[in-house]
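First listed ligand is number 1; within each ligand, the first listed atom is number 1. In what follows, residues are counted from 1 in the order of the sequence shown.
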Amino acid sequence: MPGFEVFGDEEKKEIMDVLDTGILFRYEFGEQRKDVYKVLEFEKKFADYCGTGFAQAVTSGTAALKVAMAALGVGPGDEVITQGFTFVATWEAILDIGAVPVFTEVDETLNMDPADLEKKITDKTRCIIPVHMLGAQARITEIVEIGNRHNIAVLEDTAQAAGGRINGQHLGTFGNCGTFSFDSVKTMTTGEGGMIITADEALWRNMSEYQDHGHDHAVNPGGRGGEGRSFVGFNFRMMELQGAIGIAQLAKLDAMIRSQKDHKNRLRNAASAIPGVKFRTLVDEAGDTATFFAFILETSEQCSRVNEVLQAEGVGAINFSENTWHFYPKWEHLFHGSTLAAGGWPFAEPGGKRRVVYDPEALPQSADIMSRTLVYPVSIKMSEEQLEKMCAALEKAAEAI
Ligand SMILES: *Cc1c(COP(=O)(O)O)cnc(C)c1O
């Protein structure tokens, strides 16, 4: 799973380039930095790798979502649709920009169900955020088609699927823009960090200026530019050390994915012995990043029984219906409207009127699927011993049901 497994000399070399100049800020210091612009170089390489025009680095994947929504013009009064199986960051960013998150069901892709998306669109919907969860594709072509038909922007939360593709086209390039996270457990990591990619230069320019306090970047494209400003911004700037690490990690990404795929295939072959087992639907198996291996049982009882065997063998799998960070029914702070703001924002309008109330039972289709799904994180480095142990446990589970 995480890029920290392959952190090595390449990262250290890139970091030393920065330490040798002592310039940690991505902009300015023209003389002293001796042409070392690591964040800028990382952005260009990332955009090239994804086959798109522009990339904007920021401090985190959560910041990337916020900056992307700001550039798309999302704000208070808007609704933003995402899926009920995602990391909390996706809807935190929606709330933080002042909009109301609306949640769709997931289908057996474990990502946004396009049929449910259609039902949740209203005249307030400003943006759709499908998430490519657990390293694999949402039904993004159908989702973009729905967005286009309703004239609603699509932002792909690709935090967990850097390097993922559909028929060779990179995830994050189907919608208006795509966001990535490089936090410590993501496939490629910069410790903390994020990126937004887009083919739309005007959209990118707004992102570039917004993440730098609104500084006018137009007079000096790619640089910080002038002292003018056209709108209020914020600070989400990535620093040079992160950019340096990102360059080295990006160069390893395809190799990381290849090794994950080998390991995932081993697990998949072993799990296929389980009677009635299905695998998570992949829109394009060749474009899966294989960061996770998800398999779906026929009933939740079977699922529990299988996991009991796996646990007894010391290799229990994750059941995301029990996970408090990634699945809607477990987000009690959302249901309680818990916030530090004395006035109740973002759940309550000024004056204390509650804007929106969430029902924990609102996503029965997702609850059913998640209760039958088991997931293994797949690592880049897995010992033969560990793989054999997991495969043997899966075969044992197959006999037990
Ligand atoms: C990790 C993650 C994020 C947030 O990224 P950070 O860099 O940790 O802020 C957003 N969305 C999803 C789906 C994630 O998994």
*Asks:* Between Gln160 and His132, does any side-chain donor sit less than 3.5 Å from a side-chain acceptor?
*Replies:*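 Short answer, no.
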*Asks:* Is there side-chain contact between Arg237 and Val58, with heavy atoms separated by less than 4.5 Å?
*Replies:*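 SC-SC contact between Arg237 and Val58 ruled out.
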*Asks:* Which protein heavy atom lies closest to atom 2 (C) of ligand 1, and at what distance to 0.1 Å?
*Replies:*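 So the nearest neighbour among protein heavy atoms is Lys186 NZ, 3.0 Å.
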*Asks:* Considering heavy atoms of the protein only, find what lies nearest to atom 11 (N) of ligand 1 and give residue, atom and distance to 0.1 Å.
*Replies:*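 Scanning the protein heavy atoms, the shortest distance from atom 11 (N) of ligand 1 goes to Asp157 OD2, 2.8 Å.
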*Asks:* Dump the intermediate steps for salt bridge (charged side-chain N to carboxylate O under 4.0 Å, His left out) on Glu105 and Lys119, then the final yes or no.
*Replies:* CA-CA 11 Å; Glu105 298 276 18; Lys119 291 185 206 148; over 6 Å; no
*Asks:* Among protein heavy atoms, which lies nearest atom 12 (C) of ligand 1, and at what distance?
*Replies:*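 The closest one turns out to be Ala159 CB, 3.4 Å.
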*Asks:* Looking at Asp116 and Lys120, is there a salt bridge between them, counting it only when a charged N and a carboxylate O are closer than 4.0 Å?
*Replies:*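 Looking at Asp116 together with Lys120, the answer is yes, because their closest N to O distance falls below 4.0 Å.
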*Asks:* Among protein heavy atoms, which sits nearest to atom 8 (O) of ligand 1, and what does the distance come to when rounded to 0.1 Å?
*Replies:*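 Ranking protein heavy atoms by distance from atom 8 (O) of ligand 1, first comes Asp183 OD2, 2.6 Å.
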*Asks:* Can Glu192 be said to touch ligand 1, with heavy atoms closer than 4.0 Å?
*Replies:*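 In this structure, Glu192 fails to qualify as a contact of ligand 1 - no heavy atom is under 4.0 Å.
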*Asks:* Geometry only, no angles: is Thr86 polar-contacting ligand 1 at N/O separations under 3.5 Å?
*Replies:*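 So ligand 1 has no N or O lying under 3.5 Å from an N or O of Thr86.
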*Asks:* What is the closest protein heavy atom to atom 15 (O) of ligand 1, and at what distance does it sit?
*Replies:*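 The answer is Gln160 NE2, 2.8 Å.
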*Asks:* Applying the ring-ring contact (aromatic ring centres under 6.0 Å, His included) criterion to Phe335, which one of Tyr328, Tyr358, Phe347, Phe103 satisfies it?
*Replies:*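 It is Tyr328; the other options fail the test.
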*Asks:* Going by the order shown, which atoms of ligand 1 are within less than 4.0 Å of some heavy atom of Thr90?
*Replies:*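 Listed by number with element: 11 (N).
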*Asks:* Quick one: sort the Phe320 and Phe292 rings into parallel, tilted or perpendicular, breaks at 30° and 60°.
*Replies:*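 Rings of Phe320 and Phe292: perpendicular, as their planes differ by over 60°.
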*Asks:* Can you tell me the protein heavy atom closest to atom 9 (O) of ligand 1 and the distance?
*Replies:*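 Going by distance alone, atom 9 (O) of ligand 1 is nearest to Thr62 OG1, 2.4 Å.
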*Asks:* Just say parallel, tilted or perpendicular for the rings of Phe87 and Trp325, cut-offs at 30° and 60°.
*Replies:*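 Tilted: the ring planes of Phe87 and Trp325 meet at 30° to 60°.
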*Asks:* Counting each atom of ligand 1 from 1 as listed, which ones have a heavy atom of Ser60 under 4.0 Å away?
*Replies:*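 What qualifies from ligand 1 is 7 (O), 9 (O).
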*Asks:* For atom 3 (C) of ligand 1, which candidate among Gly193, Ala161, Ala89 holds the nearest heavy atom?
*Replies:*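 That would be Ala89.
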*Asks:* Distance under 4.0 Å to a non-hydrogen atom of Ser181: what atoms of ligand 1 satisfy this?
*Replies:*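 Under 4.0 Å from Ser181, ligand 1 has these atoms: 1 (C), 5 (O), 6 (P), 7 (O), 8 (O).
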*Asks:* State whether the shortest distance between N or O atoms of Val131 and N or O atoms of ligand 1 falls below 3.5 angstrom.
*Replies:*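 So ligand 1 has no N or O lying under 3.5 Å from an N or O of Val131.
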*Asks:* Side chains of Ile166 and Ile140, heavy atoms from C-beta outward: is any pair under 4.5 Å?
*Replies:*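 Yes - at least one pair of side-chain heavy atoms lies under 4.5 Å apart.
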*Asks:* Yes or no on salt bridge (charged side-chain N to carboxylate O under 4.0 Å, His left out) for Glu201 and Arg205, after CA distance, side-chain angles and deciding distance?
*Replies:* CA-CA 6 Å; Glu201 183 168 6; Arg205 191 172 302 287; 3.2 Å; yes
